[in-house]
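Whatever order the structure lists ligands and atoms in, that order sets their numbers, starting from 1. When reading the values below, keep in mind they use all heavy atoms of this one structure, side chains included, and skip hydrogens, waters and symmetry mates.
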Amino acid sequence: MDSETLSTLNNNIKNHLPVQSNGLISAPDPPKQPFVIGVAGGTASGKTTVCNMIISQLHDQRVVLVNQVWNCVRFPDAFNTELLLSCMEKLKNGRAVNIPNYDFQTHKRIGPGWKVNPSDIIILEGILVLHDPRVRDLMNMKIFVDTDSDLRLARRIQRDTVERGRNIQNVLDQFQLNIDKYFQLWNSTNLSNMVFRYSSFQPVIYNLQYARSVKPSFEEFILPSKKYADVIIPRGGDNDVAIDLIIQHIRAKLGQHHLCKIYPNVSVIHSTFQMRGMHTLVRDVKTTKHDFVFYADRLIRLVVEHGLGHLPFTEKQITTPTGSIYPGVVFCKRLCGVSVIRSGESMENALRACCKGIKIGKILIHGEGNNGRQLIYEKLPADISSRHVLLLDPVLASGNSAVKAINLLLSKGVVESNIIFLNLIAAPQGIHVVCKKFPKLKIVTSEIDVTLDEDLSVIPGMGEFGDRYFGTNN
Ligand SMILES: O=P(O)(O)OC[C@H]1O[C@H](OP(=O)(O)OP(=O)(O)O)[C@H](O)[C@@H]1O
């Protein structure tokens, strides 16, 4: 590309986008941030159960659980909030952190801790995670698990003796057992049914610990933080309906790229580990041509199927072999494909596989000349103006090719809202340019990348798609 063309292209983009001090065009929005969920609640309220349910139901997402137990478990001033904040800051910026281990018997941090990798979702669990406003500000969703205090005490006794191996003598020493106080406390709490399952000292110990430390700290510090929660879950992990609603909300939020919120006509396919795996392969410079074509084809098929989902339909009731009525729909029949030569041709097979006998037109746009892109050749169905058009090009970079192709379609009488532009990856710059110029058109893509480089290549991108797909690279 000559320098004059490059400068024209850059100017087009700069009209829409911020430019860094070093002259590089930066993406208009920050890179994808993890979705941070805070889960608070009294001791043994079922926070961990709630977190585990969320993690297991979001099995197709990368989730990390940061458990605030690694700090002290009693009062907020004993929490090392600064350390927590710095860990969260690193995770939010895509860096791994080391979480210290906590010894429940000695009440001290031990060992080197464990490594937590950055993820799409970070769950921050702890009795006081909603207490500090700086920690709250990190969260996209704040949950308070609200379980009856008697039930929590029963669970805590079970947990501390069976799971955490607490030593009775240590607890006795710690709390200077006072039998009068014990009876006073014993009478003030409603534990008699439950504690007789334990040895004679245990009810005393736990009742005292609960009454002297855990219960007051709950009432003083934890309970007031409930008001900051977005969602309060009564009965903790037993509340399947609440957990389901939370999962639905998280899924909806994760599926929305920030550009999808700015431009409602941009649709990014819901990401799964399968999708990520395919993107990992097609983006990897070491991937062979054979594998590149195989995984690009799989991704293309998904994009095409997703794109077809945006076509209009008519309702149709049919009768099944069981004699039952099925309230179905009928596909839109007036459609055609248009591929942008050459890379767009890689998407034709998938379109044909989904739409029997579909007509496919072609457009060739050359990479140099007028505004960086020049129309060289076109062959389109004669009746294209009455059809919905699936425009095929796996890469949307600066958007200049797309603008040329779409202008041609409009000049042939195609209705703007009848165009669905299908691609595998899109740069934010290209999305801005196309959406601003054609606000009624729909863009369907599988991933939105970070930015463009000086050569207008998508970053991180996947290189020259056409050369890798057709085997014409070196
Ligand atoms: O949004 P833009 O900045 O216009 O860039 C996107 C265009 O670049 C790629 O084609 P390329 O020019 O590499 O040709 P090819 O398909 O023949 O490899 C891609 O397939 C698009 O057509």
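- Taking 4.0 Å as the cut-off, L456 does not count as a neighbour of ligand 1 on heavy-atom distance.
- The distance from ligand 1 to the heavy atoms of S343 drops below 4.0 Å at these ligand atoms: 15 (P), 16 (O), 18 (O), 20 (O).
- The heavy-atom pair separating S446 from V268 by the smallest distance is O-CG1, 3.7 Å.
- If you check which protein heavy atom lies closest to atom 11 (P) of ligand 1, you get R373 NH1, 4.4 Å.
- In this structure, atom 6 (C) of ligand 1 lies nearest to the protein heavy atom V395 O, 3.5 Å.
- When only interatomic distances are considered, the shortest N/O to N/O separation between D467 and ligand 1 does not fall below 3.5 Å.
- What you find for H388 and L311 is that their closest heavy atoms are CB-CD2, 3.7 Å.
- The nearest protein atom to atom 22 (O) of ligand 1, hydrogens excluded, is given as D393 OD2, 2.5 Å; this is a heavy-atom distance.
- Aromatic rings from F438 and Y263 are positioned such that their centres are separated by 6.0 Å or more.
- Summary of contacts: the protein heavy atom closest to atom 4 (O) of ligand 1 is S401 OG, 2.5 Å.
- Considering both main-chain and side-chain atoms, A397 comes within under 3.5 Å of ligand 1 through a nitrogen or oxygen pair.
- In this structure, atom 14 (O) of ligand 1 has no protein heavy-atom contact shorter than 4.0 Å.
- Nearest protein heavy-atom neighbour of atom 17 (O) of ligand 1: R342 NE, 3.1 Å.
- Heavy atoms of other residues, nucleotides or ligands lying less than 6.0 angstrom from CD of E416 number more than 12.
- Those atoms of ligand 1 with a heavy atom of S398 less than 4.0 angstrom away are 1 (O), 2 (P), 3 (O), 4 (O).
- Inside a 4.0 Å radius of atom 19 (C) of ligand 1 there is at least one protein heavy atom.
- Between G399 and ligand 1, at least one N/O pair is under 3.5 Å apart.
- Atom NZ of K362 is surrounded by more than 12 heavy atoms from other residues, nucleotides or ligands within 6.0 Å.
- In summary, the atoms of ligand 1 found under 4.0 Å from a heavy atom of E464, numbered by their order in the structure, are 13 (O).
- Looking only at atom types and distance, the side chain of S398 has no donor-acceptor partner in the side chain of R373 under 3.5 Å away.
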